[in-house]
Amino acid sequence: MKNLDTRIVVITGGSKGIGRSVAYKFAEEKARIILAHNDADDSASQETLDNLAHKGVEADAHRVDVSSFGAVDLLFKEIFSKFERVDVLINNAGITRDTLLMRMNEEDWDSVLNVNLKGVFNCTRAVVRSMIKERRGRIVNISSVVGQIGNAGQANYSASKAGIIGFTKTAAKELAGRSITVNGVAPGFIDTEMTAVLSEKVKESFLRQIPSGRMGKPEEVAEAVYWLCSDAASYVTGQIIHVNGGMYM
Ligand SMILES: NC(=O)c1ccc[n+]([C@@H]2O[C@H](COP(=O)([O-])OP(=O)(O)OC[C@H]3O[C@@H](n4cnc5c(N)ncnc54)[C@H](O)[C@@H]3O)[C@@H](O)[C@H]2O)c1
């Protein structure tokens, strides 16, 4: 007998940063959490799993490259054989390879598009049949403010994040009739490892563009993601929620 009360939640890029905060948010409802990441070592994912265990939540982590259709397919086959369904998919895995367009090489372009955009397709494709069968599901894709406004040095990244917006709206239209919602969250400038590597000069220039005058916290993004997955948002689909301190409105 399926326990429909415990939601099965898959979070890509769930080992740290925004994905980790999303996992902690789902821990509040005691969801069954599956993290996917592609870190070189397991230290961050282990820390996340330890904290989830401390909260009394069952979770596991898998190292998988979301840009590989075959690897993602295998992972979800394993998940379905264990849990029979996935209720929530958070497509959060993402990378940057920043450089000016003039210097951007093919590998910079391909790697970012493959992880950030193809990864969203691969994971969504892997869950969609089961969600249609269950006639329920929530998918949230993590885009970015730069997918809307662009950013010098991020042609690859902003294109991938803009692509996520088009993908989200199309998937929302295809799946709305089956009670599956597909939405996006577009964070602004959030305090994680991804932004920790930026120079002080770049950080200051970002901060000048934020009316709230500060970086966002991963937990502030997680709140929006979680709300989109709640019953309160059952009639919200195809939307992009901006969590950016007013950086873009
Ligand atoms: N931090 C920000 O300011 C910010 C702003 C807008 C959007 N975002 C987006 O939010 C998401 C999370 O960002 P973050 O700041 O928490 O990043 P992070 O660098 O802290 O974490 C990235 C996560 O993605 C995983 N990942 C990377 N490549 C992967 C791959 N090929 N397969 C599977 N997993 C992979 C990593 O293992 C890690 O778990 C990303 O999509 C990012 O583009 C971040």
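Numbering of ligands and ligand atoms starts at 1, following listing order.
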query = So which heavy atom on S45 is nearest to which on A61, and how close?
reply = CB-CB, 4.0 Å
task = Specify the closest pair of heavy atoms between R138 and L228, including all atoms of both residues, with the distance to one decimal.
result = NE-O, 3.1 Å
Check [Y] with [X], please: is the shortest side-chain N to carboxylate O separation under 4.0 Å?
{"X": "E134", "Y": "R178", "value": "no"}
{"X": "D60", "Y": "K82", "value": "yes"}
{"X": "D191", "Y": "K203", "value": "no"}

Without hydrogens or angle criteria, can the side chains of [X] and [Y] be said to hold a donor-acceptor pair below 3.5 Å?
{"X": "N114", "Y": "S67", "answer": "no"}
{"X": "N151", "Y": "S158", "answer": "no"}
{"X": "S179", "Y": "R135", "answer": "no"}

Protein heavy atom at shortest distance from [atom]:
{"atom": "atom 32 (N) of ligand 1", "result": "V66 N, 2.9 Å"}
{"atom": "atom 21 (O) of ligand 1", "result": "K16 CG, 3.8 Å"}
{"atom": "atom 17 (O) of ligand 1", "result": "M194 CB, 3.8 Å"}
{"atom": "atom 8 (N) of ligand 1", "result": "Y157 OH, 3.4 Å"}
{"atom": "atom 25 (C) of ligand 1", "result": "G13 CA, 3.5 Å"}
{"atom": "atom 37 (O) of ligand 1", "result": "D39 OD1, 2.5 Å"}

message = Membership question, hydrophobic clusters at under 4.5 Å side-chain separation (ILVMFWY): are L198 and I149 in the same one?
response = yes
task = Establish whether V86 and I11 are linked, either directly or via other cluster members, by ILVMFWY side-chain heavy-atom contacts under 4.5 Å.
result =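 No; I11 is not reachable from V86 via cluster members.
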Going by the order shown, which atoms of ligand 1 are within less than 4.0 Å of some heavy atom of [X]?
{"X": "I95", "value": "27 (C), 28 (N)"}
{"X": "H37", "value": "33 (C), 34 (N), 37 (O), 39 (O)"}
{"X": "I18", "value": "10 (O), 16 (O), 44 (C)"}
{"X": "G17", "value": "16 (O), 20 (O)"}
{"X": "I142", "value": "9 (C), 10 (O), 11 (C)"}
{"X": "F189", "value": "3 (O)"}
{"X": "V115", "value": "28 (N), 29 (C), 30 (C), 31 (N)"}
{"X": "T195", "value": "1 (N), 2 (C), 3 (O)"}

query = Should the ring pair F206 and F189 be called parallel, tilted or perpendicular, given that the plane angle runs from 0 to 90° and is split at 30 and 60?
reply = parallel
task = Report the C-alpha distance between N51 and Y24 in whole Å, list the side-chain angles of each, state the deciding distance to 0.1 Å, and finish with yes or no for side-chain hydrogen bond (donor to acceptor under 3.5 Å, both in side chains).
result = CA-CA 8 Å; N51 286 327; Y24 293 166; 2.8 Å; yes
For ligand 1, find out whether one of its N or O atoms is nearer than 3.5 Å to an N or O atom of [X].
{"X": "N116", "result": "no"}
{"X": "I190", "result": "yes"}
{"X": "T192", "result": "yes"}

inquiry  = Please determine whether any non-hydrogen atom of M215 lies less than 4.0 Å from an atom of ligand 1.
reply    = no
ask   = Among the heavy atoms of G188, does any lie under 4.0 Å from an atom of ligand 1?
value =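 A heavy atom of G188 does come that close to ligand 1.
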query = Under the 6.0 Å and 45° cation-pi test, does K118 pair with F69?
reply =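 Cation-pi check for K118 and F69: fails.
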Report the part of [X] in contact with ligand 1, treating N, CA, C, O as backbone and CB onward as side chain, heavy atoms under 4.0 Å; options are side chain, backbone, both, neither.
{"X": "V64", "answer": "backbone"}
{"X": "R20", "answer": "neither"}
{"X": "N92", "answer": "both"}

Which of the listed options, [options], holds the heavy atom that is closest to [atom]?
{"atom": "atom 34 (N) of ligand 1", "options": "N114, N38, T12, V72", "value": "N38"}
{"atom": "atom 7 (C) of ligand 1", "options": "G94, S143, G14, S15", "value": "S143"}
{"atom": "atom 6 (C) of ligand 1", "options": "P187, P218, A61, S67", "value": "P187"}

ask   = Just one of T168, N141, N122 clears the side chain to side chain donor-acceptor pair (under 3.5 Å) bar with N91, so which one?
value =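 Answer to the side chain to side chain donor-acceptor pair (under 3.5 Å) test with N91 among T168, N141, N122: N141.
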